[in-house]
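Notes to accompany the following structure.
A quick note: this is a predicted structure, and the numbers were derived from the prediction, not measured.
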Amino acid sequence: MTTPRSEFLRVVQERGYMHQCTDWEALDKRLSEGPAAAYIGFDCTAESLHVGGLMQIMLLRWWQKTGNKPIVLMGGGTTRIGDPTGKDEARKMLTDEVIARNMAGIKKVFAKYLTFGDGAGDALMVNNADWLDQLNYIAFLRDYGKHFTINRMLTFDSVKLRLEREQPLTFLEFNYMILQGYDFAELWARHKCLLQMGGSDQWGNIVNGVELGRRVHQAELYGLTSPLLTTSSGVKMGKTLGGAVWLNADMLSAWEFWQYWRNTEDADVGRFLKLYTELPLDDIAKLEALQGAEINEAKKVLANEVTRLCHGEAAAREAAETARKTFEEGALSDNLPTVTIATAELAAGIPAFALFVRAGLVASNGEARRLIQGGGGKVNDVAIKDPAEMVGNGALKDGVIKLTAGKKRHTLVKPE
RNA sequence: GGAGGGGUGGCCGAGCGGUCAAUGGCAGCAGACUGUAAAUCUGCCGGUGUACACCUACGUUGGUUCGAAUCCAACCCCCUCCA
């Protein structure tokens with residue numbers, strides 16, 4: 001792989017976004033000749049995307065930054081089918097209402113990363129339900145179905161895996177890749193979109209689209225996939241204490257989001273800086289080279305930058321400041337997650353374990369008891385011994401009670 | 001359609017009449033050590049009440065039994081071989 005001439009592919013190569021490409025040389029040649037349109041599809045399976053999809057968003061952002069037109073494809077139609085890729089069994093069918101709600105949630109995040117509009121380089125958002133929902137079955141089979149051989153479809157990993165494991169693959173799911181291929185061809189026809197990007201698991205689906213475009217429209221289309229990201233410990237990215245690391249603020253606060261990145265393993269810092277921030281590579285190299293505890297500075301930069309992109313400058317600064325106060329000064333910060341308790345109730349006193357449950361730091365009374373008995377529960381930074389210890393107004397300091405579970409999870413309790 | 005094997009806690013995977021809330025591993029949580037890292041060591045790891053208890057749980061529904069994840073029957077689903 002030689003150094004690309006096009007700016008976009010240079011970024012892709014240098015920053016580690018590249019896993020596979022259908023024709024790297026040809027794509028480079030094409031991109032160096034002028035702007036183009038590319039798309040990435042997002043199925044509407046949850047109310048928000050999580051960090052697993054962040055790399056794709058960054059790809060679109062770079063694509064736009066390097067002078068090209070990004071297209072965000074919402075899978076309003078394909079979500080009704082369900083992508084069988086990488087799954088052992090069919091996913092539950094989502095109702096149209098759920099899909100619509102999910103789409104509304106997912107849409108929000110893109111405005112933060114892309115500039116939408118009607119201009120040449122402006123991002124465009126489309127929904128494949130617009131063309132999939134009214135497909136005529138017979139006409140579709142005749143026009144497009146004839147280009148897919150079962151023989152070939154059986155060779156794709158997503159299908160092969162199911163067959164080898166002898167897990168059922170329904171005809172419904174089997175059609176997913178055809179429809180995704182059709183999406184690509186359709187986006188070429190509508191918007192001269194010549195590149196589809198996606199995670200490495202999408203390779204088969206993407207290749208289908210490339211071939212379909214060539215057969216139906218004699219178009220030269222390209223596919224490019226990004227690596228599946230795991231942490232250095234081999235864990236798939238995107239899990240945090242509470243669950244997935246969502247991108248939408250109403251599902252995961254900016255503070256928790258910032259914390260997620262701040263807690264990156266040493267070995268991942270450089271890689272993540274390249275993938276999830278836009279810092280110049282020279283700067284990243286310097287940060288990456290920090291040794292020992294120094295590398296914490298790099299983690300802060302990482303958390304600041306990623307949070308700034310996703311939640312905005314103010315939220316990032318606030319999270320950083322909250323962290324500084326909380327962890328470096330050991331002081332109280334107003335911006336920690338907060339729950340309120342009725343004044344009268346607090347005055348009467350609440351058992352410590354119950355308070356931890358109320359604060360959302362643990363899921364059950366039993367868990368709270370175990371946490372406290374294990375020495376992991378603190379009230380105002382002092383470990384408590386007895387789960388049943390009453391906490392009341394006497395614990396108020398500056399009008400709040402600070403609860404801590406373990407070393408990193410803090411919540412403030414305020415009377416109201 | 002016939003013969004056989006199997007469905008166990010988030011996952012993998014033991015258990016095959018009581019001592020089973022169910023061995024073990026992974027994941028997770030906490031403590032120690034640190035740097036809000038990794039590795040390591042230790043504890044915890046269904047719920048409610050914190051002894052004892054009770055509830056919920058081993059595909060579903062019934063049955064046998066003082067007592068079942070364990071035995072029986074029917075049903076559902078998966079797998080293997082034969083047709």
Self-check item: Given B/G35, B/A30, B/G47, the nucleotide with the shortest approach to the side chain of A/Asn296
Solution: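 Per side-chain heavy atoms of A/Asn296, the pick is B/G35.
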Quiz item: Between B/U50, B/A37, B/A30, which one does the side chain of A/Arg409 approach most closely?
Solution: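 It is B/A30.
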Would you say the side chains of [X] and [Y] form a donor-acceptor pair under 3.5 Å?
| X | Y | answer |
| --- | --- | --- |
| A/Asp183 | A/Gln180 | no |
| A/Gln56 | A/Ser226 | yes |
| A/Trp261 | A/Asn304 | no |

Euclidean distance, atom [atom1] of residue [X] to atom [atom2] of [N] [Å, nearest integer]:
| X | N | atom1 | atom2 | answer |
| --- | --- | --- | --- | --- |
| A/Glu265 | B/A38 | CD | P | 6 Å |
| A/His410 | B/U36 | NE2 | P | 11 Å |
| A/Glu256 | B/U36 | CD | C1' | 15 Å |
| A/Trp255 | B/U36 | CH2 | P | 13 Å |
| A/Tyr260 | B/A37 | OH | C1' | 14 Å |
| A/Ile295 | B/U36 | CD1 | P | 14 Å |
| A/Leu403 | B/A30 | CG | C1' | 16 Å |
| A/Lys300 | B/A37 | NZ | P | 13 Å |

Short side-chain N/O contact to [N] OP1/OP2 from [X], under 4.0 Å:
| X | N | result |
| --- | --- | --- |
| A/Arg369 | B/U50 | yes |
| A/Lys407 | B/G31 | yes |
| A/Asn365 | B/G49 | yes |
| A/Arg370 | B/U50 | no |

Taking a pair as Watson-Crick or G-U wobble with both distances under 3.5 Å, which nucleotide is matched to [N]?
| N | result |
| --- | --- |
| B/G43 | B/C29 |
| B/U70 | none |
| B/U80 | B/A3 |
| B/A53 | B/U48 |
| B/A38 | none |
| B/C75 | B/G59 |
| B/G9 | none |
| B/C20 | none |

Quiz item: Between A/Gln291 and A/Lys378, who's closer to the 5' end of RNA chain B by nearest nucleotide?
Solution: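 This one resolves to A/Lys378.
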Quiz item: Closer to the 5' end of RNA chain B via nearest nucleotide, is it A/Thr264 or A/Gly375?
Solution: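 Per heavy-atom nearest nucleotide, the more 5' residue is A/Gly375.
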Quiz prompt | Parallel, tilted or perpendicular, as decided by the 30° and 60° cut-offs, for the rings of A/Phe140 and A/Tyr144 | solution =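 Correct class here is parallel.
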Please check this pair: side chain of [X] against backbone of [Y], looking for a donor-acceptor N/O pair closer than 3.5 Å.
| X | Y | value |
| --- | --- | --- |
| A/Thr149 | A/His147 | no |
| A/Arg15 | A/Thr277 | yes |
| A/Trp62 | A/Val11 | no |
| A/Asp268 | A/Thr264 | no |

[N] versus [M] - spacing of their [atom1] atoms, nearest Å:
| N | M | atom1 | value |
| --- | --- | --- | --- |
| B/C29 | B/U65 | P | 49 Å |
| B/A69 | B/C20 | P | 12 Å |
| B/C33 | B/U40 | C1' | 9 Å |
| B/A27 | B/C77 | C1' | 27 Å |
| B/A21 | B/A74 | C1' | 29 Å |
| B/U56 | B/A68 | P | 13 Å |
| B/C16 | B/C58 | C1' | 12 Å |
| B/A51 | B/C45 | P | 14 Å |

Sugar-phosphate, base or nothing in reach of [X], heavy atoms under 4.0 Å:
| X | value |
| --- | --- |
| A/Glu328 | nothing |
| A/Gly406 | sugar-phosphate |
| A/Glu367 | nothing |
| A/Ala405 | sugar-phosphate |

